[in-house]
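Following: one structure in structure tokens, then a few remarks.
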2 protein chains.
Amino acid sequence: MGVVIDNDRCSIARALGLLGERWSLQIVRDISNGVRRFEELREHLGVARNVLSNRLSALVDAGLLERVAYQEFGSRQRHEYALTSAGRELWPVLMALMAWGDRHLADGPPPVEPEHVGCGGKVALVPVCEHGHVVEAGRELGLRLGAGGV
Amino acid sequence: MGVVIDNDRCSIARALGLLGERWSLQIVRDISNGVRRFEELREHLGVARNVLSNRLSALVDAGLLERVAYQEFGSRQRHEYALTSAGRELWPVLMALMAWGDRHLADGPPPVEPEHVGCGGKVALVPVCEHGHVVEAGRELGLRLGAGGV
DNA sequence: GCGCTAAGTTCCCCCAACGAACTCAGCCTC
DNA sequence: GAGGCTGAGTTCGTTGGGGGAACTTAGCGC
């Protein structure tokens, strides 16, 4: 069954090499929600300073975040963190995780929901093929070897 | 800006409490690709036995996997691992991670691609609202407090 | 110069991951 | 029915990363 490839060539494995621990994706989530500064992140996440410092550096090095200077009146110049386009493109991962957590780990109704700004409808991720067909996950979604296949 | 809630009520944080390390999602991926047995998983992932054992137990306890008995001819009865429906429903997370990794971490064309079985078209995740509108991620996708909001 | 603050860095402790070796259960052969 | 084989773990000692707390640094206002 299934299409099995070398693990170290798998994009999921690579992505998890960078994002596969407890904090990175939460940092990305917080930054995309406007929590941008070291102290805010530390407090909101409850993560140790040194760990946060390490994660932020790793994410900057990996090109997901960039340091941006800012200066509040009466304070020295500091910097906060902003998502790069690579970081912003993690939104489907966050959305999928949120939907799954809402469904399987929640102890009540979901605290936040993705919405279609303008029409206000709830948003879900739907698999659609390049010919515009909506793909049914259970039966119609498969894997094939791609151009970089074995 | 953004909608920020208590971190321990966030479904992303909860999901990462369970899945937020290097192996869990790779195990789910492998099992959904037909790599179901302890020794196969260990070899394909290159993970230490005790760690794999811990992960598998945690995932079984969390209801993502179940142990299924099997017996090969001439061998004693053993068991392998199968996804429960909760485990199967992680496919959007895996798909999103794979797409992101293909785009941002790959050193060549993607080794495997999701396809629409039958029509053969490449499949992508598209955010769609409950009224059927395709939502543009950059501008039209927002968050609102849900029923379980603060 | 002094104190304040955000953003780190350093220190030490501890747990979780790691590889290697060992165990265990049932089947087969001899 | 003893001994070997195999898959699926468990145990053990070591190492690396996460955790908290204390310290450092740079610039601002006083």
Side-chain angles (χ1 to χ4, degrees), chain A residues 4 7-8 13-14 16-31 34-62 64-83, chain B residues 4 7-8 12-28 30-31 34-62 65-83:
Chain A
V4 180
N7 196 47
D8 57 354
R14 289 182 184 182
L16 290 173
L18 177 63
L19 304 169
E21 37 70 57
R22 202 168 153 199
W23 300 117
S24 296
L25 281 171
Q26 293 195 67
I27 291 170
V28 170
R29 174 207 60 185
D30 268 13
I31 292 179
V35 181
R36 296 203 154 82
R37 300 180 185 175
F38 190 92
E39 208 50 36
E40 292 170 343
L41 287 164
R42 196 198 57 75
E43 191 173 357
H44 186 238
L45 296 174
V47 59
R49 287 165 188 281
N50 53 354
V51 176
L52 179 57
S53 184
N54 285 345
R55 284 298 132 229
L56 288 170
S57 298
L59 293 173
V60 168
D61 289 349
L64 300 193
L65 300 183
E66 53 190 356
R67 279 180 243 264
V68 177
Y70 77 93
Q71 184 157 23
E72 278 198 357
F73 186 76
S75 290
R76 65 182 267 214
Q77 174 175 310
R78 301 181 181 287
H79 56 268
E80 55 192 4
Y81 295 86
L83 294 174
Chain B
V4 179
N7 195 45
D8 57 354
I12 294 175
R14 290 182 183 183
L16 290 172
L18 177 63
L19 305 169
E21 38 70 58
R22 201 168 153 198
W23 302 115
S24 296
L25 282 171
Q26 292 194 67
I27 291 170
V28 170
D30 267 13
I31 292 179
V35 181
R36 296 205 154 82
R37 300 181 184 175
F38 190 92
E39 208 49 37
E40 292 171 344
L41 287 164
R42 195 198 57 75
E43 192 172 356
H44 186 239
L45 296 175
V47 59
R49 288 165 188 281
N50 54 354
V51 176
L52 178 57
S53 184
N54 285 346
R55 283 298 130 230
L56 288 170
S57 298
L59 293 173
V60 168
D61 290 349
L65 299 183
E66 54 191 356
R67 278 180 243 264
V68 177
Y70 77 95
Q71 184 156 23
E72 278 198 356
F73 185 77
S75 290
R76 64 183 267 215
Q77 174 174 312
R78 300 182 181 287
H79 56 266
E80 55 193 3
Y81 295 86
L83 293 174

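Residue numbering restarts at 1 for every chain, and letters A, B, ... go by the order of the sequence lines. Nothing here was measured: the structure is a model prediction, and the numbers come from that model.
Annotation: B:Glu66, atom CD; neighbour count of heavy atoms from other residues, nucleotides and ligands within 6.0 Å is above 12.
With DNA chain C read from its 5' end, the first of the two nearest nucleotides for A:Asn50 and A:Tyr70 is the one closest to A:Tyr70. In terms of position on DNA chain D, the residue among A:Arg76 and A:Trp23 whose nearest nucleotide sits closer to the 5' end is A:Trp23. Residues A:Gln71 and A:Gly46 both approach DNA chain D. Their nearest nucleotides, taken by heavy-atom distance, put A:Gly46 toward the 5′ side.
Side-chain N/O atoms of A:Arg67 include none lying less than 4.0 angstrom from OP1 or OP2 on C:dA7. Of the side-chain N and O atoms in A:Tyr81, none sit less than 4.0 angstrom from OP1 or OP2 of C:dA6. Residue A:His79 places at least one side-chain N or O closer than 4.0 Å to OP1 or OP2 of C:dG8. Within the 4.0 Å cut-off from OP1 or OP2 of D:dG18, at least one side-chain nitrogen or oxygen of A:Arg55 is found.
The separation between B:Leu56 atom CG and D:dG9 atom P is 7 Å, rounded to whole Å. In this structure, A:Glu40 places its CD atom 10 Å from C1' of C:dA6, rounding to the nearest Å. Here D:dT25 presents its C1' atom at 15 Å from CD of A:Gln77, a figure rounded to the nearest Å. Residue B:Arg78 contributes atom CZ, which lies 15 Å from atom P of D:dC5 at whole-angstrom precision. When rounded to the nearest whole Å, the span between CD of A:Glu43 and P of D:dG20 equals 14 Å. Atom CG in B:Asn54 sits about 11 Å away from atom C1' in D:dG9, given to the nearest Å. Summarising the geometry, the separation between CZ on A:Arg22 and P on C:dC15 is reported as 15 Å, rounded to the nearest angstrom. Counting to the nearest Å, the C1' atom of D:dT24 and the CZ atom of A:Phe38 are 13 Å from each other.
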Worked verdict on B:Leu65 versus B:Leu83 for side chain to side chain contact (heavy atoms under 4.5 Å, CB included):
CA-CA 5 Å; B:Leu65 299 183; B:Leu83 293 174; 3.4 Å; yes
With salt bridge (Lys or Arg N to Asp or Glu O under 4.0 Å) as the criterion, how do A:Arg78 and A:Glu39 come out once you've worked through the C-alpha distance, each side chain's angles and the decisive distance to 0.1 Å?
CA-CA 12 Å; A:Arg78 301 181 181 287; A:Glu39 208 50 36; over 6 Å; no
Set out, in order, the CA-CA distance, both residues' side-chain angles and the distance that settles side chain to side chain contact (heavy atoms under 4.5 Å, CB included) for A:Leu56 and A:Leu41, then state yes or no.
CA-CA 10 Å; A:Leu56 288 170; A:Leu41 287 164; 4.2 Å; yes
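A:Arg42 comes within 4.0 angstrom of nothing in the nucleic acid, heavy atoms only.
Interface remark: the B:Arg49 side chain does not form any donor-acceptor pair with the D:dT10 base, using a distance-only criterion of under 3.5 Å.
Distance from the side chain of B:Ser53 is smallest to D:dT10 among C:dC18, D:dG19, D:dT10.
The minimum heavy-atom distance linking B:Leu16 with A:Arg22 is given by the pair CD1-O, 3.9 Å.
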